[in-house]
Amino acid sequence: MSTPIGTSPAPDATTAAPVLAAEGVTVRFGGVVALDDVRITMPHGATVGLVGPNGAGKTTLFGVLSGLIRPKAGRVTMNGADVTRRTPQARARLGLARTFQRMELFTELTVREHLVVAQRVHADRQNLRGFARDLSGFGERPGKDEVATVDGILDLLGLQPVADRPAVSVPLGTGRLIEVGRALACEPTIMLLDEPSSGLDVHETEQLGEALRRVREDRGTAFVLVEHNVEFVLDLSDRVTVLDFGKVLVEGSPDEIRRSPEVQAAYFGAPVDGADDPTEEWS
Amino acid sequence: MTPYIIAGLVTGCIYAISALGLVLTYTSSRVFNFAAGVIAWAIAVFYFWLHEYKHGPRWPIVAAAPFAILVVAPLLGLFLYWLLFRKLTNASPTVRLVSTVGLWVALPAIVKIIFTFVNEGEIFQPDGLVKNPPNPEFIKVFGSWVNGTQFVVVVSAATIAIVATLFLRFTPLGLATRAAVDHPRNAAIHGINTEGVTALSWMIGIGLAGLAGVLFAPVVSLSEFNYTLLLVGSFVAVVIGRMTSLPLAFVGAIGVGIIQQVWVKYQPDHGFFSQGVSASIPFIVMLIFLIAYSFSSSGLRREAFSMDVRAMGGAHGDAPPLPPSHGWRRAAGPIVMIAALCVVPLVFDSYWVNIFTVGVALGIIFLSFTLVTGEGGIISLAQITFAGIGAFAAARLADSADVLHIGMPVWLAILVGALIAVPFGLLLALPTLRIGDLYLALFTVGFALLIQEFVWKRVEFENFGAGRVLGHPFGIGLDDRTSMYFVVVAVFLVCAWLIVNVKRATAGLVFASIRSSEPAAMTTGISIVRAKLILFAVSAFVAGLGGALWGSTVGSVNPRSFDVLVGIVWLAVIVTWGVRTVVGALLAGLLFAIAPVKLAVILILSLTFLVGGIFTRLLLSKAYKKPVGAIAMVVIAVGGAALAFRMWNKTSDDTAVHVVLVLLALVVGLIFAMRVRRITAAAPAVRITLAVVIGLAAVAVALWTTGLSLSEATVKEVPTMLFGLGAIGLAREPRGVLYDMVNRQRLRQLEETERREEEAAVAADLAGVAS
C-alpha cells in the first residue's frame, strides 16, 4: 500500500521540479520482488530519511536512483528530465552522488586521492584533452580550485590527519567518511547516503551530522539518508519515508513517523502501547 | 555431403568432450582452465609413450587407455587442483586468468623435457582408442561408411553426455555438486564437503580432457600446435553455453565441428575466401556469439560472482600497494636503468648489442602490457597481434616493390604502421564495456587467432616462409648495430616517460579507481568507456611501434615470430616481472631476448635475487654503520658481481640448464616437504616421515635431471617452462617477482615503523592515564 506523497507539504516545497524523483519503480531479482511500485520525491535542498528493516529494499532503491540497477518498471527523473535510461556517469554529471552500504573504496588510492580524482573528473579532466595533458607531464599538477576544495572537505570531515594514508588502512568508520568526502568532491545537488553513520562512534556521528548540516546550509544540497541510527536520521530529516518488503509503508514528517503504528509494527512486530515517544526504546 | 557431416560430427564430439570438462571445472571452482588443450595433449603424449613408443612399456590399448584416462588424468587433475586451482578460487579474476595461462605455457615445456621423443620429429597417425589406421568400413550410416575411430569417438561422446546428465540430475552426488557450485557457503553449512566436490570435479574434468586428447591424436597427430585447435574449438563451445550450460556447450561444439567440415566442401577454389577460413571458423563463431550475447538483455557482465568473494575483502583481494617513494628513491630506478642501458654498447660486442636491441624493442611491446594490463587490469592476449600489425604494416609501407607501391622512408613507415594498429585496438575495446574479464580474454584470443589464420598465412605476409623485409630507419647501415640500439633505446625511454606521466596524473588515478570499484567509479562520474578506449588505442599503438622496431632490428618480419602462442608466453613473462612498472617491462623484454640465447642468464638471475635480497636487507637495516656490516656488504656486492661475471663467460647452455633443473627439483621438493609438515593433521611421526620421503624423492629427481641428455630442443624449453612457472607463482604475489623482491623490504620497514608508532601512542596513553 503506497501512501501518496504530499499529504503534508515539505517546508521547502517549491513549484520547481524536484531535484530527484522516482515513481512506479519495480525491481525483481529472479522470483524476489525487491521493490514494488515505489515512489519517492526529493525537493531541492531537502533532507529525506529512508528507513526500514533490513531487506526492505533501501539499497536497491539507491541502486535504481543512481543508475546501477535497471528497474523492471518505473521512472526516475532529475529536475524533471527523465534519466531512467541514463548511465550512472550521466547522472553524476547532472549532480547526483552516492555512498555505498558495503564500502566501495578505491583500494589503491590514498584518502586525499579519492577526493582529488572525484574533483578532477567533475572539473572535466577525464577526456582526450586531459589525457594529452597527462601525457605531457603536466597532468600531475592540481587544478585551479582543486587544492581549496579538497582541503575544505578534508577539514570538514576531520580527515586531515589521515589524508595521505592508503584508504584501506584507515578504520571502517573513517572509510565511510572518505566515501562521503568523495561524493562531496563531485559538488552534487543531491547526495544519496547509504548508512553513513554505520561504524562511527558517538563523536564521529556528531561530526558527520554537523558536516552534513554545514553542507546543506552552504550549498543547499539535498540528501537522502538511509540509516539505522534512528535518532540521527530523524534529527536531520525534513521528511521520512519508510520502506518494508519493497513497498512504501508510510511517508511523513519525523514526528509522524515516530508515532506511526505501522512503523512500530514493522520494527517490533506489533504497535507499542502507551508510549509517547517509542524511539526512546529504539536507540 | 554425408562424409563431411560425419567428419564434422567427429571433431565436434571431441570439442564437446573437452568443453564438458571445461564447463564442469569452471562451474565448480570459477576457474577457467585455459590449459585444457595442453593438458589433453600431455595425456595424449603420455598415452603414446605408454602404448606405442618403441622404447616405452608398450602396453596394449586395453590396458593403456583406461590407465591413462581413468587413472593418470584424474590424478593429474587432483594434483593440479591441490597445487594451483584450489588457491585460485578466492583470487582476483586477473590472477586466476594469468595463473592458468602460466600453466598453458609451462606444461608443454615440462612434457617436452620429460618426454624428449616429442621433439624428435612429428608423430603421425598415432593410435587412439582404436588402432590406427582403423578399419575404414566399420559401419554404414546414411549411405556412407564410418571407420572405427570415428565410431568410437561419437559413441564415447554420446555416452558421456548421457552419463553426465543422469549424474547431475538424479544422483545425490550430482545434486551436491550443483549445490556446491551455486552456493559454496550454504552447501558447506549443510554438511556438503565443498572442497571434496570441487576436487572431484577437477578429477573428472581433467579425465575428460585426457579422453579428448587420446581421441584427438589420430585425427591431428601429436603436434602441440594442432592441439591448440582443440582448445579453441572447446572454448567456442563453452562460450556458446555461456560458461555454465552443458547441453548448449555440447550442441555448440558439434555445430562448430560440422560447420568447419562442411565449409571445406563448399569453399571456393580461388579468391579471398579460398584459404584460411576453415581454420578460422571456430574463432569467427566465438566472436559472433560473444558480440551477440553482449547485446542481449542479460549481457555477459563479469561472471556471476558469488557474494562470498566480494565479502572476503577488497574489490579484488589484492593487497594494497605501497605508497610511491619520494625524493631520491623515486629517481634512483630510472637513473640506474638509463645508465645501464647506455653502458651496454661499451661492454658488449656487436652480436650482443643486437640481442639487447631486440630486448629493448620487446620492452616497448611489453610497455603496452604495462598500460592495458597494469593500468587497465585487462588481460589481453592480442598484444602480439598489434605488434604484428605494426610490423607488417611498416614492412609493406616501406617496400616500394610491394603490391601497395608506397615505399615510405622506414622511420615514417614504422610510425604509420603503429598508427594502423590503433583502430584494431579500438575494435577490441568496444566489447570490453559489456563483457567481463574472462570473456574479454577469450575475445582477444579469438581475435588474435583469427588474424593469425586468416591474414598472416596469406602470401603477401608469409611470403613462402621468408616473411617481409624491413630495413633500418634513418639510413642506418645494416651492420651498424650500435646506432640502431640507441634509436630503439631512445624510443623506449620516450614511451616509458609518457607512460609514467600518465600513471602519475589524472588518468592514472582514474584507472586505479576503475580497477578498484567500477560501481563507485561510475557514480563518481568516471566514464569507463572513455578510459578503456583510450587505453586500448594507446596500448595498440605502443605494441605496434615495438613490433615494427623489432622487425626493423631483425631485418625481417615473419609470421612465426608473431604466433599467438608466443604472445601467451609474453603475458607469462611480463606478469612474472611485474606488470605495473616500466622497469619490469624492460627486464621482461631483455630476459625474453637473452634467455633463449644464453641460458646462464637464468642462473645469474637466481644468484642476483639471492645476493640482491641479502644486500638490500643489510642496506635497509643500516648495517653499514658498523664496520663489520660495511665489509660484509662490500664483500657480498663484489663477490656476487664477480660470480655473475664468471657465470656469464664460462657457463655453457647445457650446464646452466642442468643446474637450473636440479635447483628447481630441489626447491619444489623442499616446499612440498615443508608444506606437508605444516598442514597435515596426522601425527608428527607420520608428518616427518612423509616430509623426509618427499625430500628424498626431490633429491632423486634432481639427480635424474643431471643425467638427462639435453638436446638443443629440450634446452630451449627451459626458459619457457620457467616463464610459465613464474606466471603460476602469481597466485602467491599478484604483483610479480620484481615487486616482491624490491618491495618486500620496504613493506617490512613500513610495518615496523607503524608498529613502533602505535606502541609509542599506547605508551603515551597509558602514561596519561597513570598520571
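Convention: sequence-line order gives letters A, B, ...; per-chain numbering from 1.
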> Based on non-hydrogen pairs under 4.5 Å, which of B:Thr523, B:Ile534, B:Val500 is most in contact with chain A?
Replying inline: B:Thr523
> What is the distance from atom CD of B:Glu375 to atom CZ of B:Phe369, rounded to the nearest 0.5 Å?
Replying inline: 15.0 Å
> Roughly how far apart are B:Met522 CE and A:Glu104 CD, rounded to 0.5 Å?
Replying inline: 9.5 Å
> Is it the backbone or the side chain of B:Ile528 that comes under 4.5 Å from a heavy atom of chain A, or both, or neither?
Replying inline: both
> So is B:Arg530 actually on top of A:Phe131's ring, under 6.0 Å and inside 45° of the axis?
Replying inline: no
>> What part of A:Arg91 gets within 4.5 angstrom of chain B, counting heavy atoms only: side chain, backbone, both, or neither?
In response: neither
>> Quick check on A:Ser136 against chain B: is it the side chain, the backbone, both or neither that has a heavy atom closer than 4.5 Å?
In response: backbone
>> I'd like to know if A:Arg141 pairs up with A:Glu146 as an ion pair, taking the criterion as any Lys NZ or Arg NE/NH1/NH2 lying under 4.0 Å from an Asp or Glu carboxylate oxygen.
In response: no
> Which atoms of A:Leu68 come close to chain B, meaning under 4.5 Å heavy atom to heavy atom: side chain ones, backbone ones, both, or neither?
Replying inline: side chain
> Which bit of A:Leu96 comes within less than 4.5 Å of chain B, counting heavy atoms only: side chain, backbone, both or neither?
Replying inline: backbone
>> Taking A:Glu179 first and then A:Arg182, would you say they form a salt bridge - that is, a charged N and a carboxylate O separated by under 4.0 Å?
In response: yes
> Hey, does the Lys NZ or Arg CZ of A:Arg98 hover above the aromatic six-ring of A:Phe62, less than 6.0 Å from the centre and inside 45° of the axis?
Replying inline: no
>> Counting only non-hydrogen atoms closer than 4.5 Å, does B:Val529 touch chain A with its backbone (N, CA, C, O), its side chain (CB onward), both, or neither?
In response: neither
